[in-house]
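Every chain is numbered from 1, with letters handed out A, B, ... down the list of sequences. What you see below is based on every heavy atom in this structure, not just the backbone, and it leaves out hydrogens, waters and symmetry mates.
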Amino acid sequence: MDFFSKNPIQPEKPRIMDYDFTAIEAKWQKYWDDHQTFQATDDTTKKKLYVLDMFPYPSGAGLHVGHPEGYTATDIYSRFKRMNGFNVLHPMGWDAFGLPAEQFAIETGTHPSVTTAKNIANFKRQIKMLGFSYDWSREINTTDPKYFRWTQWIFLQLYKKGLAYIDEVPVNWCPALGTVLANEEVIDGRSERGNHPVIRRPMKQWVLKITAYAERLLADLDGLDWPEGIKEMQRNWIGRSEGAEVVFQLDGHPGKTLTVFTTRPDTLFGATYMVLCPEHELVDEITTLEHAEEVAAYKKRTASMSDLERTGLNNEKTGAFTGAYAIDPVNGARIPVWISDYVLASYGTGAIMAVPAHDDRDFAFAQKFNIPVIPVIRPDEAAAAKDKVDVEGVLAGKVCWIGDGPLMNSANDDGLSLNGLHVNEAKKRIIDWLESKGIGKRTVNYKLRDWLFSRQRYWGEPFPIIIMDSGEIRMVPEDELPLTLPDMKDFKPSGNGESPLANATDWVDYVDPKTGEHGRRETNTMPQWAGSCWYYLRYIDPHNDKAFVDPAKEKYWMPVDLYVGGAEHAVLHLLYARFWHKVLYDLGLVSTKEPFQKLVNQGMILGTSYKDARGALVPTNLVDLTGPEPKHKETGEKLVEFPAKMSKSLRNVVNPDDVVREYGADSMRLYEMFMGPLEAVKPWNTRGVEGVFRFLKRSWRMIMQTPVVDEPVPANLRRLLHATIKKVTEDTDTLNFNTAISQMMIFLNDFSKLEKMPREAAETYVLLLAPYAPHIAEEMWEGLGKQAPVSLAQWPSVDESHLQVEEHEILVQICGKPKVRIMMPASLSADDMKQKALENSEVAAALAGKTVVKVIAVPGRLVNIVAK
RNA sequence: GCCGGAGUGGCGAAAUGGCAGACGCACUAGACUCAAAAUCUGGCGCCAGUGAUGGCAUGAGGGUUCGAGUCCCUCCUCCGGCACCA
């Protein structure tokens with residue numbers, strides 16, 4: 001005997017194995033892989049469901065706890081629907097082109113494909129570790145030539161339809177990144193990635209004509225089951241406004257005209273000046289000699305400004321008078337023409353008529369430059385009072401009024417009078433008049449601009465385009481696709497606007513095999529959005545090398561029934577994908593007008609952070625958590641816990657690998673769903689994970705370490721069993737996972753008190769838990785002697801008869817205040833309930849000396865007695 | 001400024017117009033233990049009271065209703081988006 005053994009007393013061997021999540025999770029993940037449990041079949045006789053996650057960009061940092069939130073939600077939903085007999089398509093893939101891999105390549109010389117493959121492997125490991133029921137046989141990767149062959153093919157279809165064109169446009173040029181950016185990638189005049197300054201610069205670029213679809217992109221939003229906020233953001237982004245184009249003659253320039261867009265043609269009699277954007281083509285032509293210097297200086301100044309400086313929070317008006325005058329077409333008034341940067345070249349006609357009396361911006365400008373203000377609308381009294389606007393002030397030209405009211409001072413000798421009309425009628429009347437004179441027309445304008453579609457990068461889809469020396473643009477024949485990227489060693493952008501591909505001379509040079517004509521391949525590549533514009537279609541038929549998707553399969557699976565992802569894609573990805581989808585629809589290549597029928601945004605998961613008394617956030621590594629209250633390690637100052645975005649700098653990032661190692665994937669999944677509603681922003685709290693971990697351990701004990709007997713469920717618990725089936729079924733179906741989990745906890749709290757577990761209750765419980773915590777559920781299912789996998793077992797059904805109760809506890813209120821609780825038969829009518837309540841001795845005592853005015857009875861709930 | 005969304009215990013949160021705070025975390029008392037951890041059982045909105053109990057409570061103020069966290073109006077705060085788009 002070894003007297004020195006560290007463990008002389010052997011612990012008693014557990015009767016039955018404990019909850020060993022590591023072994024269980026590995027076992028069942030292997031089982032699902034080996035058995036292809038979650039492969040979707042193209043069996044069109046079954047009812048289908050397409051459940052999609054926004055696929056991730058596989059970054060080097062790996063998964064953070066925000067990713068699995070949406071993935072867990074769709075996984076639970078998919079598993080639930082499979083158990084309810086649906087043929088579920090639930091795929092995953094990689095949006096793998098992108099700037100980080102390219103920048104890493106520039107720094108280290110590692111080819112982006114190497115980095116990408118490595119990152120994908122890591123992402124895939126992490127995602128698989130969480131036990132998601134993806135059909136991995138449909139995995140796609142946007143950088144795979146077999147995939148981007150079809151991205152290029154779709155681009156050619158757009159080109160053939162005239163929806164892709166090359167234009168010399170002022171672009172967002174980012175010197176630090178050496179590339180142009182889309183409007184959507186520029187935030188407050190700086191690059192979304194890297195936060196570098198962005199300037200305006202004209203360049204030849206590929207542009208997609210998304211504006212041609214503006215009206216349909218707007219109109220079709222109405223039929224979508226999307227969060228109202230997201231739809232509203234898209235509407236604002238598209239920015240439809242109705243108005244008119246009005247043609248002005250220029251004084252002293254016979255035949256020259258100036259066209260403006262206005263949404264307020266009704267105020268045309270109040271126009272007191274015009275404004276052109278500094279870039280307007282007419283500026284140099286109309287500027288008089290004496291103003292030439294000032295105008296040139298102003299143009300130079302605005303051209304060198306960033307977008308932020310020009311359109312940012314600084315609303316101070318600037319401008320220069322050109323010396324020219326325009327003629328107001330309704331009254332012949334001679335009004336000065338100015339230039340100012342508050343008019344944008346890219347919207348409308350780049351020129352406006354200014355009506356300072358009825359437009360805030362024009363008013364501010366007129367005040368600054370002492371331009372007359374002529375009111376033509378008398379403000380509605382009530383509306384003016386509500387907005388605290390002084391009507392007399394408006395009539396005196398001292399205050400601006402943008403609201404409604406009867407028109408005045410608005411008539412001419414040429415058959416036009418708007419006087420007395422309100423704004424809407426006045427608009428109609430004057431547009432009709434302008435159209436009849438041929439000097440204006442009804443017009444709709446959009447804020448939405450055409451989509452700048454080229455990037456000066458290596459790691460993107462090459463355009464299947466050759467630009468011949470003659471200037472002719474040629475398409476790479478479709479049967480020669482994919483056009484792959486050349487292998488390169490140096491990935492630096494040239495810095496003058498050319499992509500690194502320009503350095504791959506062998507690749508760039510093209511000689512027509514028949515005619516010997518020379519050309520150059522397009523050296524720009526497509527933006528990252530390209531691959532994600534249609535990936536949901538490729539999952540349907542991922543290995544097809546004859547078409548991007550088989551029409552019959554497309555018809556069966558589309559549309560996506562549930563699409564879950566972050567709200568950061570509200571206007572970018574979702575608008576672009578809708579655009580491509582509509583183009584494909586017009587080409588007869590897809591069967592639905594819209595790709596994503598129902599959209600849900602998962603809320604962001606915040607980390608725990610700490611702030612001091614001044615509100616400054618303190619990185620977690622500087623926080624002393626050993627005492628009862630968090631303190632600053634260096635200053636000793638008391639700190640307060642505070643939820644903040646997870647970030648490297650705050651050192652509050654939670655890594656799923658750590659959570660899974662400590663508590664297992666099932667706990668991780670359960671916690672992410674138990675935190676709160678899917679759409680809500682929620683702070684991560686590791687203690688909460690321990691809570692659901694305890695729940696799983698107790699579940700394990702109830703099923704695996706309690707004798708399971710073939711006995712009926714005790715009468716007092718039968719109702720709870722069926723109430724649980726009902727609640728979990730309904731809440732899972734409506735994505736209210738947090739309350740479904742609560743109900744399972746309630747079930748557990750009661751049933752775990754039993755000495756013997758009735759088999760029916762045990763099996764039902766495992767089935768209900770299966771979508772949420774699939775690994776432990778499989779193990780328990782097997783433990784109950786059932787045939788694996790529980791993942792494909794039949795979902796339990798509610799027996800409503802067990803939900804009935806004989807008696808209710810009825811609350812009796814007097815004047816709305818709770819008085820007594822009385823047990824009453826469930827079958828009792830409202831009148832009988834009132835009777836019984838009034839007969840109660842305590843109630844009678846409380847009513848002594850009072851007159852009963854009214855009695856309200858709600859069956860199953862309460863009786864309220866109103867007495868004086 | 002405009003458009004969305006949200007304000008409920010110490011914390012995450014529940015609540016078809018019908019007993020606010022289910023469920024979980026934290027805390028707390030007890031059981032088990034030599035002890036601790038784990039586990040189990042109970043308590044736990046705030047104020048007053050030994051107590052039964054009473055009063056106050058869903059951002060603030062009004063309103064509708066027998067009854068409001070929930071519906072209506074006004075306002076405040078926070079989060080997200082847009083921001084000179086004529």
Just call it for [X]: base, sugar-phosphate, or nothing, with non-hydrogen atoms closer than 4.0 Å on any strand.
{"X": "Q743(A)", "answer": "nothing"}
{"X": "N749(A)", "answer": "sugar-phosphate"}
{"X": "N738(A)", "answer": "sugar-phosphate"}
{"X": "S241(A)", "answer": "sugar-phosphate"}
{"X": "L862(A)", "answer": "base"}
{"X": "R821(A)", "answer": "base"}
{"X": "E679(A)", "answer": "nothing"}
{"X": "G348(A)", "answer": "nothing"}
{"X": "V866(A)", "answer": "sugar-phosphate"}
{"X": "P677(A)", "answer": "sugar-phosphate"}
{"X": "R687(A)", "answer": "sugar-phosphate"}

Would you mind checking if [Y] and [X] are paired as a salt bridge, meaning a charged N to carboxylate O distance below 4.0 Å?
{"X": "R694(A)", "Y": "E690(A)", "value": "no"}
{"X": "R442(A)", "Y": "E242(A)", "value": "no"}
{"X": "E228(A)", "Y": "R235(A)", "value": "yes"}

Check whether any side-chain N or O of K854(A) sits under 4.0 Å from OP1 or OP2 of C66(B), and answer yes or no.
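Yes, within the criterion.
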
In whole angstrom, what separates [X]'s [atom1] from [N]'s [atom2]?
{"X": "I856(A)", "N": "G17(B)", "atom1": "CD1", "atom2": "C1'", "answer": "13 Å"}
{"X": "Q234(A)", "N": "C82(B)", "atom1": "CD", "atom2": "C1'", "answer": "14 Å"}
{"X": "I814(A)", "N": "G18(B)", "atom1": "CD1", "atom2": "C1'", "answer": "16 Å"}

For the [atom1] atoms, the ones on [N] and on [M], what distance do you get once it is rounded to whole angstrom?
{"N": "G42(B)", "M": "G24(B)", "atom1": "P", "answer": "12 Å"}
{"N": "G9(B)", "M": "G45(B)", "atom1": "C1'", "answer": "4 Å"}
{"N": "A20(B)", "M": "A83(B)", "atom1": "C1'", "answer": "41 Å"}
{"N": "A48(B)", "M": "A35(B)", "atom1": "C1'", "answer": "41 Å"}
{"N": "U58(B)", "M": "C46(B)", "atom1": "P", "answer": "15 Å"}
{"N": "G80(B)", "M": "C73(B)", "atom1": "P", "answer": "26 Å"}
{"N": "C19(B)", "M": "C34(B)", "atom1": "P", "answer": "49 Å"}
{"N": "G12(B)", "M": "G30(B)", "atom1": "C1'", "answer": "27 Å"}

Examine the base of A22(B) for any acceptor or donor lying under 3.5 Å from a partner atom in the side chain of S742(A), and report the outcome as yes or no.
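Between A22(B) and S742(A), which were checked side chain against base, a qualifying N/O pair under 3.5 Å is present.
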
Tell me if the side-chain of E690(A) makes a donor-acceptor pair with the base of C25(B), cut-off 3.5 Å, by modelled atom types.
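Answer is no: no donor-acceptor pair is held.
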
For the backbone of T318(A) and the side chain of S340(A), can you confirm whether one donor and one acceptor N or O come within less than 3.5 Å of each other?
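Yes, the answer is positive, given that a donor and an acceptor are paired below the 3.5 Å cut-off.
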
Is there a donor-acceptor contact under 3.5 Å from the side chain of D404(A) to the main chain of V423(A)?
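Answer holds: yes.
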
Is the positively charged end of K317(A) above the ring of F369(A), judged by distance under 6.0 angstrom from the centroid and angle within 45° of the axis?
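No, cation not above the ring by the 6.0 Å, 45° rule.
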
With both distances under 3.5 angstrom, what nucleotide forms a Watson-Crick or G-U wobble pair with A38(B)?
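Its partner is none (no Watson-Crick or G-U wobble pair with both distances under 3.5 Å).
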
